[in-house]
Protein chains: 2
Amino acid sequence: MSLDHNELIQATLCINANFRAVCRQLTQFYNGFLEPTGLQNTQFTMLVTIALMKWGTIMQLAENLQMDQTTLTRGVERLRQQGWVESVPDKEDRRVKHIVLTEAGEKLLKEAFPLWQQAQLAVQDALGAEDAEILLRLLDKVTQVAHED
Amino acid sequence: MSLDHNELIQATLCINANFRAVCRQLTQFYNGFLEPTGLQNTQFTMLVTIALMKWGTIMQLAENLQMDQTTLTRGVERLRQQGWVESVPDKEDRRVKHIVLTEAGEKLLKEAFPLWQQAQLAVQDALGAEDAEILLRLLDKVTQVAHED
DNA sequence: TATTTTTATATGTATATACATGTAAATGAG
DNA sequence: CTCATTTACATGTATATACATATAAAAATA
């Protein structure tokens with residue numbers, strides 16, 4: 001025996017699947033705006049976080065971005081290969097590396113910001129201030145859920 | 001000159017970045033429940049869609065799931081290698097392949113459904129009926145936005 | 001009918017992502 | 001101080017994802 005039609009329909013309402021679908025569209029939307037810089041939105045976000053932390057480690061970046069450490073290690077390595085960030089070994093703890101923006105990285109961020117902003121404003125405008133706020137609240141709430149269990 | 005602090009903070013409010021972060025958590029949550037089946041949530045969703053379409057092509061699956069065709073081609077190939085789906089060449093149009101569940105695939109879906117449901121109910125309960133509905137509405141709205149421009 | 005165009009799927013390549021595990025360094029227990 | 005444990009980062013491996021492009025077959029057009 002296999003699943004009946006109702007169950008299949010139910011499964012198409014999967015919150016995660018719907019989230020992922022929206023995420024794919026949204027990512028392509030943002031990436032389209034960032035295209036002139038050669039950055040993906042993910043990389044833009046990493047650079048912004050690195051800029052804000054100024055002297056952050058891989059672990060701290062992973063914590064901040066809620067990503068796996070191994071994902072960050074490789075993501076940062078790509079940024080490094082492009083010359084946008086630099087990895088500075090800690091003097092006291094030889095395991096630790098601090099990630100900092102290079103000048104090229106700062107220049108790139110400066111260039112990317114208004115492009116990112118266009119995408120962000122387009123989404124915010126279309127949603128409306130109210131819904132945008134509700135959305136962020138719900139995103140937060142969903143994160144809580146996924147972390148409880 | 002580089003970005004000032006306010007701009008960096010602004011960029012951390014990136015709707016796409018926040019979406020992606022939630023998506024990562026949510027995916028891990030659902031995958032945790034599905035773990036005994038060896039399925040990822042994405043694969044579960046593909047199988048469900050294949051089951052519903054009964055005789056769908058790669059193109060139709062891509063359309064339904066709002067995924068790139070090339071992503072589907074490879075995803076389906078993995079399902080095929082596991083023996084969960086089968087690819088049947090169309091009689092009239094030799095370019096076309098129809099993807100159908102195998103018996104093993106149906107059995108797996110039957111087994112996976114209640115596990116998926118646990119994850120889904122956990123998220124729905126935690127959100128509450130009202131917020132769950134609002135969330136789905138907003139997800140829809142975001143998709144519209146990303147498609148307009 | 002011969003040629004061009006479109007369509008369906010596949011491949012090359014690259015990023016994003018995480019889990020399991022490895023490695024080296026620091027820390028803690030004895 | 002020595003050995004076990006923890007910590008920080010890296011690597012192996014696998015899926016998810018998409019863009020550019022290839023390929024073959026169908027459809028349209030000259």
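Residue numbering restarts at 1 for every chain, and letters A, B, ... go by the order of the sequence lines.
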Pick the nucleotide of DNA chain C nearest each of A:E92 and A:M67; which residue has the one closer to the 5' end? A:M67
Would you say C:dT9 has OP1 or OP2 under 4.0 Å from some side-chain N or O of B:T73? no
Length of the CD-C1' vector between A:Q43 and C:dT15, whole Å: 7 Å
Side-chain N or O of B:T71 less than 4.0 angstrom from OP1 or OP2 on D:dA18? yes
Hey, are the side chains of B:N16 and A:F29 touching, using non-hydrogen atoms and a 4.5 Å cut-off? no
For residues A:L26 and A:Y30, determine if any side-chain heavy atom of one lies less than 4.5 Å from a side-chain heavy atom of the other. yes
Specify the separation, in whole Å, of atom CG of A:D93 and atom C1' of C:dA26. 6 Å
After noting the C-alpha distance and the side-chain angles of B:Q117 and A:E7, does the key distance pass the side-chain contact (heavy atoms from CB on, under 4.5 Å) rule? CA-CA 10 Å; B:Q117 205 174 25; A:E7 289 168 321; over 6 Å; no
So which one's nearest nucleotide on DNA chain D is more toward 5', A:H98 or A:R20? A:H98
Between B:R74 and A:Q60, which residue's closest nucleotide on DNA chain D lies nearer the 5′ terminus? A:Q60
Side-chain N,O (A:R94) to OP1/OP2 (D:dC9) below 4.0 Å: no
Separation of D:dT23 atom P from B:K97 atom NZ, nearest Å, is 17 Å
How many whole angstroms separate atom CD of B:Q40 from atom C1' of D:dA14? 9 Å
Side chains of B:Q69 and B:T73: donor-acceptor distance under 3.5 Å anywhere? yes
Without decimals, in angstroms, what is the distance between A:Q28 CD and C:dA14 P? 19 Å
Given atom CD of A:E77 and atom P of C:dA16, what is their separation to the nearest angstrom? 13 Å
Taken to the nearest whole Å, CD/B:E63 to P/C:dA8 is 11 Å
Side chain of A:T70 - closest among D:dT11, C:dT15, C:dA10: D:dT11
A:R137 meets the salt bridge (charged side-chain N to carboxylate O under 4.0 Å, His left out) criterion, sequence neighbours left out, with B:D131
Here's a test of your reading of the structure: between A:D68 and B:T57, which maps to the more 5' nucleotide of DNA chain C? B:T57
According to a strict under-4.0 Å criterion, is A:R95 in side-chain N/O contact with OP1 or OP2 of C:dA26? no
What's the CG-P distance between B:L61 and D:dT17, to the nearest Å? 13 Å
Side chain of B:T42 only, heavy atoms from C-beta on: which candidate in D:dA16, C:dC19, D:dC9 is closest? D:dA16
